[in-house]
Amino acid sequence: MSIKKLITLPMILLFILLNIGFTVAAEWQIDDITRNQYYYQNGEMLKDCISRIETQENGTYAYKFDKDGICQGLYTGWTKTKSGEERYYYQGYMKRDGWKYIKGLFYNFDNDGVCTGDQRESIQKIEVDVIYKDNEISLDITHLNMTDEIIWYTYGYDNIEILIDGKWVTARFEAKPDGMGLIEPAVGIQPNKPNTETIVLTDMFINIESGIYRIVSNMDYSEPFEIKT
């Protein structure tokens with residue numbers, strides 16, 4: 001083989017590497033002494049940033065890294081791109097698709113998790129009527145959607161609170177042996193329309209106490225109402 005051929009092949013390979021580049025698999029690394037975690041992407045350590053990292057088991061989550069590249073864990077908070085798009089992450093998970101409650105306010109997000117800029121203190125009005133009839137106690141619960149999008153709600157044990165010693169706590173009703181308790185499928189409320197559901201408490205529970213109650217739904221609250229037994 002000639003010297004010319006020996007020189008030409010390495011030069012061609014070098015040209016390919018410089019102009020096309022190569023990808024090194026992203027990976028986590030743990031310091032054996034400090035147990036600090038680092039993340040390398042394309043051969044470079046992530047530093048002083050918030051980065052979304054795909055996991056094989058649970059999808060993609062946002063992690064925070066300090067100036068030394070040490071992972072600070074799953075990120076909670078707002079991010080903003082150079083183009084001005086704002087997103088919110090809670091324990092690494094990106095909020096998306098509709099109204100989300102964040103630190104006292106509701107924010108609206110699109111399908112890509114971008115905040116639309118619309119925010120408000122409440123997204124629905126909840127009204128409750130207590131009905132006594134034939135030894136039954138029922139609740140007529142009306143949800144009025146005050147947004148331009150469908151919102152969803154469901155009822156469960158954590159959706160009714162009782163006032164005890166000046167504090168609101170979750171009402172712990174004991175379900176009847178043949179009942180399912182206060183578990184209802186998710187219901188969608190059309191924009192700017194009310195939806196009323198009737199719940200017969202005495203058909204579901206055996207320990208309903210007299211007291212002052214309220215309904216909790218998507219971090220909105222009804223006005224307090226009284227149940228007498």
Chemist: With rounding to the nearest 0.5 Å, note down the distance linking CH2 in Trp99 to CZ in Phe106.
Modeler: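 That separation rounds to 9.0 Å.
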Chemist: Looking at Ile33, is its backbone amide N or carbonyl O close enough to the side chain of Asp31 to form a donor-acceptor pair, meaning the two atoms are under 3.5 Å apart?
Modeler: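 Present.
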Chemist: Considering the options Tyr93, Tyr107, Phe109, which one meets the side chain to side chain contact (heavy atoms under 4.5 Å, CB included) requirement together with Tyr88?
Modeler: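 Of the listed options, the one satisfying the test is Phe109.
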Chemist: Thr60 side chain to Arg52 main-chain N or O, any donor-acceptor pair under 3.5 Å?
Modeler: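 It does not hold such a pair.
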Chemist: Is the backbone of Thr79 close enough, under 3.5 Å, to the side chain of Arg87 for a donor and an acceptor to pair up by distance?
Modeler: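 Pair absent, no side-chain N/O of Arg87 close to backbone of Thr79.
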Chemist: Which pair of non-hydrogen atoms, one from Pro194 and one from Leu144, has the smallest distance, and what is that distance?
Modeler: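 So the minimum-distance heavy-atom pair works out to N-CD1, 3.7 Å.
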Chemist: Stepwise, does the ring pair (Phe, Tyr, Trp, His ring centres under 6.0 Å) test hold for Trp28 with Tyr39?
Modeler: CA-CA 5 Å; Trp28 287 99; Tyr39 192 79; 4.9 Å; yes
Chemist: State whether the side chain of Ser222 and the backbone N or O of Ile215 hold a donor-acceptor pair below 3.5 Å, judged by distance alone.
Modeler: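 A pair under 3.5 Å: yes.
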Chemist: Spell out, as yes or no, whether a donor-acceptor pair under 3.5 Å connects the side chain of Asp118 to the backbone of Asn108.
Modeler: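 Judged by distance alone, no pair lies under 3.5 Å.
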Chemist: Which residues pass the salt bridge (Lys or Arg N to Asp or Glu O under 4.0 Å) test with Lys193, sequence neighbours left out?
Modeler: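 With neighbours one apart ignored, the set is empty.
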Chemist: Less than 3.5 Å apart, which donor and acceptor atoms pair up between the side chains of residues 68-77 and the rest of the protein, not counting sequence neighbours?
Modeler:
unit_1, atom_1, unit_2, atom_2, d
Gln72, NE2, Asp66, OD2, 3.3
Gln72, NE2, Ile70, O, 3.0
Tyr75, OH, Trp78, O, 2.7
Thr76, OG1, Gln91, N, 2.8

Chemist: Between Ile126 and Thr142, is there a side-chain heavy-atom distance shorter than 4.5 Å?
Modeler: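 When only atoms from C-beta onward are counted, Ile126 and Thr142 do not touch, as no gap falls below 4.5 Å.
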Chemist: I'd like to know if the side chain of Ser51 reaches the main chain of Tyr63, judged simply by a donor and an acceptor atom lying under 3.5 Å from each other, with no hydrogens or angles considered.
Modeler: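 Pair absent, no side-chain N/O of Ser51 close to backbone of Tyr63.
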Chemist: Go through it in stages, so that I can follow the logic: the residues are Arg120 and Thr147, the test is side-chain contact (heavy atoms from CB on, under 4.5 Å), and I'd like the CA-CA distance, side-chain angles, deciding distance and then a yes or no.
Modeler: CA-CA 10 Å; Arg120 56 186 67 185; Thr147 76; 3.8 Å; yes
Chemist: Can you tell me if Asp220 uses its side chain to pair, donor with acceptor, with the backbone of Gln124 under 3.5 Å?
Modeler: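 Yes; judged by distance alone, with no hydrogens or angles, the pair exists.
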